[in-house]
Amino acid sequence: MDYNKLAELLFPHITKAPEDYETLYPERNLPAGAKVTRLGPSPTGFIHLGNLYGAFVDERLAHQSGGLFYLRIEDTDDKRQVEGAVEAIISSLEFFGVTFDEGASMEGDRGNYGPYYQSLRAEIYQTYVKQLVQGGHAYPCFCTEEELNAIREEQERLKENPGYYGRWAKHRNLTLEEIQNRLEQKLPFVVRLRSQGTHDGPEEDIRTISVEDGIRGTLTMPENNQDVVLLKANGIPTYHFAHVVDDHLMRTTHVVRGAEWLPSLPIHVELFRTMGWPLPIYCHTAQLMKMEDGNKRKLSKRKDPELSLDYYRSEGYHPRAVREYLLTILNSNYEEWRLENPDAAQEDFEFTVEKMSNSGTLFDLDKLNDISKDVLVRISAAELCDFLIDWAKKYRPELVELFVGREDYLTKILDLGRQGEKPRKDFTHARQMFEFISYFYDDYFKIEDAYPENVSEEDRKTILSAYLESYDHSDDQSQWFDKIREIAAVNGYAAKPKDYKKNPELYKGHVGDVSTVIRISLMGRAMSPDIWEIQQILGEEKTKERIKKVL
RNA sequence: GACCCGUUGGUCAAGUGGUCAAGACGUCGCCCUCUCACGGCGGAAUCAGGGGUUCGACUCCCCUACGGGUUACCA
């Protein structure tokens, strides 16, 4: 077989040679040890926590080593393109603090290794496929879908491994004339790898490959023997081939991807070897899982909209909190480090792939919320105020007029009880924050909780009028509370809870019940931060007004 | 089915032959306390099972079970 002739037959329009691309995309000029990583999303526009989790690894590895992180759009599947998807991906990731140094961006491609959309790189891939054909490492396959199905059915019947390989690869040894003939008939074809892997021999003949995974250590698996499709009928490569060509030409040093790629690793290894290129370091990350019907399951785009990044954004989780959470499940020693360095920047943590877990991790909302509390308590009230407003603008526009123009008021509210050694940690995310403080705004204030049962309606009125009468807005906190104790005592309630506990039969209740009456009248709820502080923010007028309203 | 990866409390996990098997979240109890938080103290709760190897296995090997993933002209 004259492979050169075959190559010309298949790719008459390809005039460039692989060397042209090698010189066009030279080795990157980076300091020793610098890592080059990439994110390669397919543009469905949907991006979830799991993607962000992986993106952090890329980002950290690159930026920690003085390397570079780029965005490549893997749009080789024309069936799943979504309008505006790339913008959505970029903005989602940016919101959560993941930024790229190179590649696809809002303003078009940046960098010298483009184009960064795989659909625009057809000529490059074809050049390399042509080279493979010339070397006898690839061949055209004209099998139709029906033929492929028939092969699979037969394999199932014989209980043999499915796929296009060995003696099942019917077009592997077509003669030049046969190929020429089909080409003349304009039959569509794909180009397949002529795998060097063992095919039909006895099992002990199957060779294995060994690969050092950055996260998992040495991986040993059977070598590839599938004549995988390199180029689809439309001239666009499959993921496998695009990955190999792009990561070589874009000089990627570390390929971070989900564990679902593990089974196709032998294919990639064979491709790199037949191309004569060095293998990048693969880092196969654990999957983020979800519990369903008592079983763990990989996160799915279709089934788990609540795990999309947009969901967390719309709930108002602070990006720093989401990052912090992801970092704690990403590196087992992060949490410990954080305990020792509560104020350090996330970037100061030395992230290592070795410390990554390789079994699937269940997403834990309780943990996120807990972490979020600690993150938010370290953010100034003024910044929290801006954050809440930004969130409202996007997700709760009706609240904006409440906040804007009254930022001082909001800031005071958000800062409530956060001073001192043991600041309150009330906030987890923006939506919850607003619910928590909503009683400060008349439109959202309403009596939600029931008054204590041991306080009669009559006592309630007596308590509240006494409170109103004795109220002095300039009282300090202890003066204020002394008055409450007095009201309690006068009306038959213990001034101290301990007294009540000792002799419950002597009292109708204790000062806590009296406070609760006031609290509910003022806040509408039985649970809230300190009443006195709230009154100071609410102001004298509004405080009195709310008490009068329930008298 | 085949192949691959995995398996320490409810969850995230430390651990690399000798530990009373860390820690965090959650949960329960107590303390603090005018409520709720915050904080403090304490409790319950884990090495999937079976064989080896070894003086000694959570740690090494094998088998089984279970879970997950892959098996496309999707990525």
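Just so it is clear: chains get the letters A, B, ... in the order the sequence lines come, proteins before strands, and each one is counted from 1. Model, not experiment: these values are computed from the prediction.
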Aromatic plane relationship, A:His429 with A:Tyr317 - under 30° parallel, 30 to 60° tilted, over 60° perpendicular: parallel
Under 4.0 Å protein heavy-atom contact, by nucleotide of nucleotides 20-26 of chain B - B base, S sugar-phosphate only: ---BBSS
Aromatic plane relationship, A:Phe434 with A:Tyr444 - under 30° parallel, 30 to 60° tilted, over 60° perpendicular: perpendicular
A:Lys483 and A:Glu486 ion-paired at < 4.0 Å: no
Cation over ring face, A:Arg323 and A:Phe56, 6.0 Å, 45°: yes
Touch class at under 4.0 angstrom, heavy-atom based, for A:Val190 against every strand present: base
Short side-chain N/O contact to B:A75 OP1/OP2 from A:Thr76, under 4.0 Å: yes
Cation-pi check, A:Arg525 onto A:Tyr439 ring (under 6.0 Å, within 45° of axis): no
Between B:U7 and B:G15 - P atom distance, rounded Å: 13 Å
Close side-chain approach of A:Arg378 to A:Asp343, heavy-atom, < 4.5 Å: yes
P atoms of B:U64 and B:U11, separation to the nearest Å: 26 Å
Where do N or O atoms of nucleotides 5-7 of chain B meet protein N or O atoms at under 3.5 Å, pair by pair?
unit_1	atom_1	unit_2	atom_2	d
B:C5	O2'	A:Arg216	NH1	2.7

Side chains of A:Leu39 and A:Leu93 in contact at under 4.5 Å (non-hydrogen atoms): yes
A:Lys508 with A:Asp513: basic N within carboxylate O range, under 4.0 Å: no
Distance, rounded to the nearest Å, where A:Leu265 contributes CG and B:G69 contributes C1': 14 Å
Inter-nucleotide C1' distance (B:U8, B:A22), Å rounded: 12 Å
C1' gap between B:C12 and B:U27, integer Å: 15 Å
N/O (side chain, A:Lys232) to phosphate O (OP1/OP2, B:A75) under 4.0 Å: yes
A:Asn234 or A:Asp513, whichever maps to the more 5' nucleotide of RNA chain B: A:Asp513
Plane angle bin for A:Tyr282 and A:Phe272 - parallel if under 30°, tilted between 30 and 60°, otherwise perpendicular: perpendicular
Minimum-distance nucleotide to A:Arg424 side chain [options: B:C34, B:G1, B:C36]: B:C36
Cation-pi, A:Phe445 ring and A:Arg546 (6.0 angstrom, 45 degrees): yes
Atom C1', compared across B:A57 and B:G52: separation rounded to whole Å: 12 Å
Mutual orientation of the aromatic rings belonging to A:Trp337 and A:Tyr334 [parallel < 30°, tilted 30-60°, perpendicular > 60°]: tilted
Side chain of A:Thr238 (C-beta onward), nearest among B:A2, B:C73, B:U33: B:C73
Note, A:Ile73 side chain near A:Tyr116 side chain (heavy atom, < 4.5 Å): no
Touch class at under 4.0 angstrom, heavy-atom based, for A:Trp532 against every strand present: nothing
Gap between atoms OH and C1', on A:Tyr282 and B:C4 respectively (whole Å): 16 Å
Proximal nucleotide (of B:C74, B:A14, B:C34) relative to the A:Ser332 side chain: B:A14
Side chain proximity check, A:Leu52 to A:Tyr312, heavy atoms < 4.5 angstrom: no
Pairwise 5' ranking along RNA chain B for A:Pro41 and A:Arg519, keeping only the more 5' one: A:Arg519
Interatomic distance, A:Ile267 CD1 vs B:A75 C1' [rounded to whole Å]: 13 Å
Centroid-centroid distance, A:Phe363 to A:Tyr325, less than 6.0 Å: yes
Closest listed nucleotide, where the reference is the side chain of A:Lys501 and the choices are B:U33, B:C73, B:G15: B:U33
Integer-rounded Å distance: B:U71 C1' and A:Asn224 CG: 12 Å
Interatomic distance at C1', B:C58 relative to B:C74, whole Å: 40 Å
Shortest side-chain distance from A:Asp426, nucleotide among B:C34, B:C36, B:A37: B:A37
Protein-to-nucleotide contact annotation, 5' to 3' order, nucleotides 39-48 of chain B [B base; S sugar-phosphate only; - none; under 4.0 Å, heavy atom]: S---------
Whole-Å distance separating the CG atom of A:Leu187 from the P atom of B:C73: 18 Å
A:Trp261 and A:His240 aromatic ring geometry - parallel, tilted or perpendicular at 30°/60° bounds: perpendicular
Within residues 429-438 of chain A or reaching into it, pairs that qualify as salt bridge (Lys or Arg N to Asp or Glu O under 4.0 Å) - sequence neighbours excluded: A:Glu315-A:Arg431, A:Arg431-A:Glu435
Which nucleotide in B:C73, B:A72, B:C74 has an atom nearest any side-chain atom of A:Val229: B:C73
Between B:C66 and B:C73 - C1' atom distance, rounded Å: 36 Å
Touch class at under 4.0 angstrom, heavy-atom based, for A:Ser264 against every strand present: nothing
For atom NE2 of A:His268 and atom C1' of B:A75, their distance in whole Å: 10 Å
Which residues share a side chain to side chain contact (heavy atoms under 4.5 Å, CB included) with A:Gln419, sequence neighbours left out: A:Asp415
Dot-bracket pairing map - RNA chain B, Watson-Crick plus G-U, both contacts under 3.5 Å, | cross-strand: ((((((((.[[[..)..(....]]].(((((.......)))))....[[[[[..)....]]]]])))))))....
Touch class at under 4.0 angstrom, heavy-atom based, for A:Pro423 against every strand present: sugar-phosphate
Separation of the C1' atoms in B:U54 and B:U59, to the nearest angstrom: 13 Å
Rounded interatomic separation in angstrom, taking CD from A:Glu160 and C1' from B:G1: 13 Å
Integer-rounded Å distance: B:U70 P and A:Arg257 CZ: 13 Å
